[in-house]
Trainee: 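Below is one structure. I have some questions about it.
In listed order, ligands and their atoms are each counted from 1. Along the sequence shown, the residues carry numbers beginning at 1.
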Amino acid sequence: VPGEGSPEAQVMIIGQAPGRNEDMLLRPFVGASGKLLDEMIRVAGLKREKTYITSVVQFFPPKNRQPTDHEIAICKPFLEKQLDIISPKIVVLLGSIAAKAVIGATEIMKHHGELVEDKYFLTIHPSAAVRLKKNVAVIRQDFEKLKEIIKEKV
Ligand code: URA
C-alpha cells in the first residue's frame, strides 16, 4: 500500500501499517480508522487530498499483527524517500509505532498533542479511538491543537 496524496502537501500523516481494507483497496486509511482520520483532518482545517498519507510499514502484516522491528527497518528507506520527496512542514505521527520509527519517541501518551523539533506532531493512532470511545475526545483535542499549529507555521 503506497502513500497517497498531494506531492505538494505541507502536512504529511504517518500511520502504523495497512489493515485488511487498505490491503484490498491498495490505499491507506480507508477502513474504520480512515473514516475517523478523515474527520480529524477536517477538524484540523485540512482537506485529505491536500495532505499526504502513508504508514511506517507499507504492507499488511499477516493476521493484522503489530509490525516487527525487522519489518519496520525494511520499510524505513521507502518512508524516508517519501519524507524527502514531499518535504512537508509538519509531520503528524499517529501512535507509538510511527513516533518511535520516525523520531525515536516513546511514551506517546505523555507527549500527544505536542509539536517536537518544530516539525513532528504527536498524537494517538485513530484505531485506538475506534477501539476505545474515550480516546475520540483525546484525538479530537489533539487535532484542534494541530489546527492552531498549522495556522502559525504553514
Ligand atoms: N492504519 C494505519 O496505520 N495505516 C493504514 O493505512 C490504515 C490503518
Side-chain angles (χ1 to χ4, degrees), residues 1-44 46-86 88 90-116 119-143 145-146:
V1 180
E4 78 171 20
S6 167
E8 273 116 48
Q10 309 262 38
V11 178
M12 181 157 157
I13 301 169
I14 304 177
Q16 176 177 313
R20 277 182 219 286
N21 292 303
E22 289 75 18
D23 189 45
M24 266 184 319
L25 296 173
L26 300 177
R27 293 183 56 210
F29 285 100
V30 289
S33 299
K35 207 165 154 236
L36 183 61
L37 179 62
D38 287 350
E39 191 188 330
M40 292 308 115
I41 287 171
R42 288 193 291 273
V43 167
L46 299 167
K47 288 192 161 60
R48 178 170 168 136
E49 62 273 20
K50 295 229 164 130
T51 68
Y52 185 87
I53 304 178
T54 192
S55 300
V56 168
V57 166
Q58 286 147 32
F59 56 85
F60 177 53
K63 298 185 185 150
N64 212 14
R65 55 160 172 71
Q66 279 222 342
T68 64
D69 288 347
H70 181 59
E71 289 167 338
I72 292 168
I74 288 171
C75 291
K76 193 88 188 271
F78 298 96
L79 181 62
E80 276 170 356
K81 195 79 187 173
Q82 289 172 90
L83 277 160
D84 268 4
I85 291 170
I86 306 293
I90 307 273
V91 178
V92 179
L93 300 173
L94 301 173
S96 57
I97 297 272
K100 183 159 177 256
V102 179
I103 56 167
T106 52
E107 303 200 70
I108 180 128
M109 286 316 283
K110 277 195 192 153
H111 299 289
H112 72 91
E114 289 177 21
L115 190 69
V116 178
K119 180 167 181 178
Y120 302 98
F121 184 77
L122 300 177
T123 186
I124 61 172
H125 195 286
S127 69
V130 169
R131 273 198 308 272
L132 196 62
K133 283 290 164 237
K134 72 172 190 194
N135 279 332
V136 174
V138 174
I139 194 167
R140 180 177 291 276
Q141 250 183 20
D142 284 355
F143 275 80
K145 277 189 198 155
L146 177 62

Trainee: Donor-acceptor pair, K50 side chain versus Q10 backbone, under 3.5 Å?
Mentor: no

Trainee: Measure from the side-chain N and O atoms of D142 to the backbone N and O of T123, and report whether any donor-acceptor pair falls under 3.5 Å.
Mentor: no

Trainee: Spell out, as yes or no, whether a donor-acceptor pair under 3.5 Å connects the side chain of E22 to the backbone of F60.
Mentor: no

Trainee: Examine distances only and state if a side-chain atom of Q16 and a backbone atom of A98 form a donor-acceptor pair shorter than 3.5 Å.
Mentor: no

Trainee: Checking K145 against E114 for the salt bridge (Lys or Arg N to Asp or Glu O under 4.0 Å) test, could you report, in this order, the C-alpha distance in whole Å, the side-chain angles of both residues, the deciding distance, and whether it holds?
Mentor: CA-CA 8 Å; K145 277 189 198 155; E114 289 177 21; over 6 Å; no

Trainee: Exactly which residues line ligand 1, taking a heavy atom under 4.0 Å from it as the test?
Mentor: G15, Q16, A17, P18, E22, P28, F29, S55, H125

Trainee: List for me each residue that meets salt bridge (Lys or Arg N to Asp or Glu O under 4.0 Å) alongside R42, sequence neighbours excluded, and say none if there are none.
Mentor: none

